[in-house]
Amino acid sequence: MNELALINDAQKGDLDAFNTLILHYQDSVYNTALRILGDDDLAADATQDAFISAFKSINSFRGGSFKAWLMRTVTNACYDEIRRQKRRPTTPLEPDTDDGEEMDSPRWLADPSMTPDQKAEADELEHAIQHCLNNLPVDFKTVVVMADLQGMDYTEVAVAAHVPLGTIKSRLARARLRLRECLQGFEELLPSVFRLEEESTA
Amino acid sequence: MKQRDLELLSSYLDGQLSPSDATRLEARLLVEPDLRSVLRDLRSARSMLRQLPMRKAPRSFKLTPKMVGKNPPLPRAYPAFRFTSALATIMLFISMGLNFIRPQLATAQPAFGMGGGGAPDTFSAESAPAAEMPAATEAPLEEPSIAAIPQATMTIEGQEDTARVVETPTNKEGETENAIGGGLDQPPAQRVDTVPVVRPVWQWLLAGIAVVSAFIMAMMRQLSINRWRKKN
């Protein structure tokens with residue numbers, strides 16, 4: 001994929017060229033939105049909004065990392081969604097168990113290729129991490145998602161978050177520390193992961 | 001733990017420290033267990049995050065032209081037809097306006113010779129001989145239009161008028177006043193004013209151009225939309 005040529009075509013209004021870029025980046029953009037918002041449907045909406053907004057403002061892209069530019073768009077879409085949620089709070093449609101409590105891992109999220117034990121472990125890990133991410137301030141969450149989940153370097157994160165490099169370093173360090181503190185509460189739920197980490201650092 | 005040390009450790013993890021800063025920090029890590037503990041925590045958090053599974057997008061987020069409010073591309077000739085239609089419509093309205101205003105202006109400003117129906121007090125044979133001359137010359141011009149009026153109407157209502165119109169050039173002062181200001185019948189000069197500024201045939205032509213151009217525009221647009229929908 002010749003990214004630069006596709007961007008040039010998209011800047012001339014070629015929607016097909018932009019759709020090729022979408023197919024290449026949609027997983028990254030969706031996952032970023034998912035980890036920032038913590039909800040599949042909201043993440044899908046934010047992703048779609050981000051791509052629409054990106055196409056409309058594609059001429060404002062002046063080179064550099066296209067991924068960072070896209071991440072900035074999706075971050076803005078997530079912030080808009082969070083603001084909307086604050087104005088109109090909604091109740092999640094998670095199914096209830098027989099006891100009337102909310103089910104943590106709905107059946108429709110199950111991956112059929114995993115054994116029940118693996119699935120349970122993966123679900124627990126994912127839910128624990130997502131829970132801790134949700135407890136972070138949104139600015140911290142954005143930085144840590146882009147740096148640690150998307151593997152972007154500090155400069156790209158600074159472009160995407162539209163803040164100075166020093167602020168990125170500071171937010172990332174504090175976010176990681178807070179996450180670690182939060183995840184310590186799930187140590188019994190996630191023994192294997194922590195054991196591996198302890199062994200590797202010993 | 002100082003904020004500065006926390007940032008150093010986090011950057012060290014990501015390999016973002018300069019070689020000299022990294023060497024200094026490594027020396028400190030050897031002798032400061034608290035620093036080592038925090039580094040371990042940061043590394044643990046980072047590796048946990050990296051274990052999060054990358055989900056596949058639940059659907060394709062490809063954009064459609066409708067989503068981005070894109071309109072179908074119109075043919076190059078489209079603006080020309082739009083301009084023609086608009087211009088013809090404007091000209092048609094102007095011509096209608098002129099035809100409507102012309103007789104009213106003529107009656108409001110009778111001294112300009114076209115009407116010849118001025119106030120009787122201001123006109124006399126002596127004071128305005130020049131004003132009478134055009135009337136005398138107009139009479140022959142009026143004849144074809146009067147002659148064009150069907151004979152039936154002429155015999156019933158217009159017989160006296162015709163006589164007066166024909167007499168006008170030779171009439172004396174008082175008779176002229178009677179003919180113009182008498183108020184019994186419409187003065188002959190005003191009949192001249194009813195001839196439109198823009199002939200109806202031109203108005204029909206303008207209306208035709210406007211309608212045909214608008215029709216072609218609509219067809220072009222519809223064809224473009226259909227072609228565009230098929231493509232997308």
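Protein chains get the first letters and strands the later ones, always in sequence-line order, with residue 1 at the start of each.
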*What part of A:Lys169 is in contact with chain B, defined as an atom under 4.5 angstrom from a non-hydrogen atom: side chain, backbone, both or neither?*
both
*Looking only at heavy atoms, which two atoms of B:Gln16 and A:Asp153 are closest? And how far apart?*
NE2-CB, 4.4 Å
*asked:* Between the side chains of B:Asp14 and A:Arg176, is the shortest nitrogen-to-carboxylate-oxygen separation below 4.0 Å, so that they form an ion pair?
replied: yes
*Tell me, for B:Arg59 versus chain A, whether the close heavy atoms (under 4.5 Å) come from the side chain, the backbone, both or neither.*
both
*asked:* I'd like to know which of B:Ser11, B:Ser60, B:Gly15 tops the heavy-atom pair count under 4.5 Å against chain A.
replied: B:Ser11
*With a cut-off of 6.0 Å (strictly less than), are more than 12 heavy atoms of other residues, nucleotides or ligands near CE of B:Met219?*
no
_Charged N-O contact under 4.0 Å between B:Glu7 and A:Arg171_ = no
*Can you tell if the side chain of A:Asn31 reaches within under 4.5 Å of the side chain of B:Leu52, non-hydrogen atoms only?*
no
*Kindly say whether B:Leu63 contributes a backbone atom to a donor-acceptor pair with the side chain of A:Asn19 at under 3.5 angstrom?*
yes
*Mind checking the CG-CE spacing from A:Leu179 to B:Met48? Nearest 0.5 Å is all I need.*
9.0 Å
*So what's closer than 4.5 Å to chain B heavy atoms on A:Arg35: side chain, backbone, both or neither?*
side chain
*Exercise: identify the closest heavy-atom pair between A:Tyr30 and B:Ala57*: CD2-CA, 3.9 Å
